[in-house]
**Q** 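Dropping a structure here in structure tokens format, bear with me for questions.
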Amino acid sequence: MMRPTLSIAAALALLLLASSAAASSPNPCAQATVELGDAAAFVILGGHEVTTGSGVRSEVFGDLGVYPGSSVTGRPNMVNESAIQIANGASSAGIRDLTIAYNDATGRTLCPVAVAGNLGGMTLYPGLYKSTSGIEITGSDLTLDAQGDSDAVFIFQMAETFLSTTGRKVILTGSANTKNIFWQVGTSATLMGDTVLEGTMMADQSITSGSRAVVNGRVLARIASVTMESAVFYLPQ
């Protein structure tokens, strides 16, 4: 039996009504966090390889890992004693726990809000957002509003690709916390130049970040590669 999926307008109206009517009551649609295990130490993790462009070096504030691949092409600037873990026990454990976390995010079914296509210009609230195709942020920025709850969790499920076009940003408000935002991508993700992403991006295949992109979170590619060009990556605290 298929679970019903709420439209985004109806679901957001219900979430707002519930929060205003009973702010102190538990939210029945609140999502538990996605536990990352040993993958949490990595700001960049690829299954096949990690590649950085030949231009300005990317800045990486957190560990970088590859497993079972063993290729890191180019050398990003590893900041604050961050480590490069190539085909070793740490990166193996990271990929193992990434797969567990990815499957957890993929399998969430509590109060899904149906979304598709472009989320640019929207303000979204904590919960589970589900697309049977891909998700884009284009034209305008996406705002995530935790409504004053710094522990509130956002999970975005998509069966296909993720795309953030040039200059687009994820903006946090209402005490939204980067460490509680998760993007589960069914295939591959692309962050074009000057993009600002908040949260942990978990892609089944590859993740590509363009020039001057900023990631406050993680880019974790389960099977294929992470490719970056003069981007900056900050591990969430």
Side-chain angles (χ1 to χ4, degrees), residues 31-52 58-76 78-110 112 128-131 134-135 151 153-162 177-191 197-209 215-228 231 233-237:
Q31 303 293 317
T33 192
V34 177
E35 298 292 348
L36 295 172
D38 286 335
F42 292 93
V43 68
I44 298 170
L45 184 61
H48 177 60
E49 66 179 350
V50 173
T51 301
T52 186
S58 294
E59 302 280 327
V60 179
F61 295 77
D63 286 359
L64 179 156
V66 182
Y67 187 88
S70 58
S71 175
V72 176
T73 302
R75 288 286 172 167
M78 307 299 294
V79 183
N80 293 345
E81 300 183 354
S82 300
I84 296 179
Q85 309 281 2
I86 301 177
N88 61 11
S91 56
S92 172
I95 288 289
R96 177 200 65 205
D97 288 353
L98 168 59
T99 298
I100 294 170
Y102 179 92
N103 290 337
D104 175 18
T106 303
R108 297 294 180 96
T109 59
L110 179 65
L128 172 64
Y129 295 89
K130 181 180 181 67
S131 172
I135 286 176
D151 294 324
V153 174
F154 298 78
I155 298 175
F156 294 87
Q157 294 177 342
M158 60 210 83
E160 297 176 4
T161 57
F162 175 90
N177 194 323
T178 298
K179 69 180 182 180
N180 297 325
I181 302 167
F182 301 92
W183 308 84
Q184 174 267 312
V185 184
T187 56
S188 295
T190 301
L191 312 174
L197 177 75
E198 302 282 347
T200 294
M201 178 75 69
M202 300 181 292
D204 185 60
Q205 296 295 321
S206 65
I207 301 174
T208 301
S209 60
V215 175
N216 296 310
R218 302 175 180 87
V219 288
L220 311 177
R222 203 173 68 82
I223 293 173
S225 304
V226 176
T227 302
M228 51 189 168
F233 302 85
Y234 297 99
L235 192 70
Q237 302 301 313

**Q** Please check if any side-chain donor atom of Asn88 sits under 3.5 Å from a side-chain acceptor atom of Ser91, or the reverse.
**A**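 Side-chain D/A pair, Asn88 to Ser91: present.
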**Q** Output the distance between atom CD1 (Ile44) and atom CG (Asp63), rounded to the nearest 0.5 Å.
**A** 10.5 Å
**Q** Please report the interatomic distance CD(Gln85) to OH(Tyr67), rounded to the nearest 0.5 Å.
**A**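 Spacing of CD (Gln85) from OH (Tyr67) equals 13.5 Å.
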**Q** Pair Leu36, Met202 - check side-chain contact (heavy atoms from CB on, under 4.5 Å), show working.
**A** CA-CA 10 Å; Leu36 295 172; Met202 300 181 292; 4.1 Å; yes
**Q** Under 3.5 Å, is there a donor-acceptor pair between the side chain of Ser70 and the main chain of Val66?
**A** no
**Q** From the options Asn177, Asn180, Asn216, select the one residue that forms a side chain to side chain donor-acceptor pair (under 3.5 Å) with Glu198.
**A** Asn216
**Q** Does the side chain of Thr187 come under 3.5 Å of the side chain of Gln205 through a donor N or O and an acceptor N or O?
**A**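 Looking only at side-chain atoms, Gln205 and Thr187 do not form any donor-acceptor pair under 3.5 Å.
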**Q** Can you tell me how far CG of Asp204 sits from OG of Ser188, rounded to the nearest 0.5 angstrom?
**A** 8.0 Å
**Q** Measuring from Ile86:CD1 to Leu64:CG, what's the distance to the nearest 0.5 Å?
**A** 8.0 Å
**Q** What heavy-atom pair brings Pro68 and Ala87 nearest, and what distance separates the two atoms?
**A**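 Closest approach of Pro68 to Ala87, heavy atoms only: O-CB, 4.5 Å.
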**Q** Could you walk me through whether Leu197 and Trp183 pass the side-chain contact (heavy atoms from CB on, under 4.5 Å) test, one step at a time?
**A** CA-CA 10 Å; Leu197 177 75; Trp183 308 84; 3.8 Å; yes
**Q** Using 0.5 Å steps for rounding, measure from the CZ atom of Phe61 to the OH atom of Tyr234.
**A** 4.5 Å
**Q** Do Met228 and Phe233 make a side-chain contact, defined as non-hydrogen atoms from C-beta onward lying under 4.5 Å apart?
**A** yes
**Q** Compare all side-chain heavy atoms of Ser209 with those of Val219 and state whether any distance is below 4.5 angstrom.
**A** no
**Q** So, the side chain of Ser131 versus the backbone of Met158: is there a donor-acceptor pair under 3.5 Å, distance only?
**A** no
**Q** Can you name the closest pair of heavy atoms from Gly62 and Ser82 and give their distance?
**A**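 Minimum heavy-atom contact is N-OG, 2.8 Å.
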**Q** For the residue pair Met78 and Ala83, what are the closest heavy atoms and their distance?
**A** CE-O, 3.5 Å
**Q** Counting only heavy atoms from other residues, nucleotides and ligands, does the tally under 6.0 Å from OH of Tyr102 exceed 12?
**A** yes
**Q** Please name the pair of heavy atoms, one in Gly217 and one in Val43, separated by the smallest distance, quoted to 0.1 Å.
**A**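 Nearest heavy atoms, Gly217 then Val43: O-CG2, 3.2 Å.
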**Q** Can you see which heavy atom on Val226 is nearest to which on Ala221, and at what distance?
**A**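 Looking at all heavy atoms of both residues, the closest pair is CG2-CB, 3.8 Å.
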**Q** Do Ile207 and Met201 make a side-chain contact, defined as non-hydrogen atoms from C-beta onward lying under 4.5 Å apart?
**A** yes
**Q** Calculate, to the nearest 0.5 Å, the distance between atoms CD and OG1 belonging to Gln157 and Thr106 respectively.
**A** 6.5 Å
**Q** Taking it one step at a time, do Phe182 and Gln31 satisfy side-chain contact (heavy atoms from CB on, under 4.5 Å)?
**A** CA-CA 11 Å; Phe182 301 92; Gln31 303 293 317; over 6 Å; no
**Q** Do Thr200 and Val34 have side-chain heavy atoms sitting under 4.5 Å apart?
**A** no
**Q** Does any part of the side chain of Leu45, heavy atoms only, come nearer than 4.5 Å to the side chain of Arg218, both counted from C-beta?
**A**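 No, their side chains stay 4.5 Å or more apart.
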**Q** Taking the side chain as every heavy atom from C-beta outward, state whether Val153 and Arg108 have any pair of such atoms under 4.5 Å apart.
**A**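 Of all side-chain heavy-atom pairs linking Arg108 with Val153, none is under 4.5 Å.
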**Q** Any heavy-atom pair between the side chains of Gln184 and Asp104 that's under 4.5 Å?
**A** no
**Q** Determine yes or no for a side-chain-to-main-chain donor-acceptor pair under 3.5 angstrom, with Gln237 supplying the side chain and Leu235 the backbone.
**A** yes
**Q** Thr161 and Thr190: side-chain contact (heavy atoms from CB on, under 4.5 Å), yes or no, with the steps?
**A** CA-CA 8 Å; Thr161 57; Thr190 301; over 6 Å; no
**Q** Taking the side chain as every heavy atom from C-beta outward, state whether Thr33 and Lys179 have any pair of such atoms under 4.5 Å apart.
**A** no
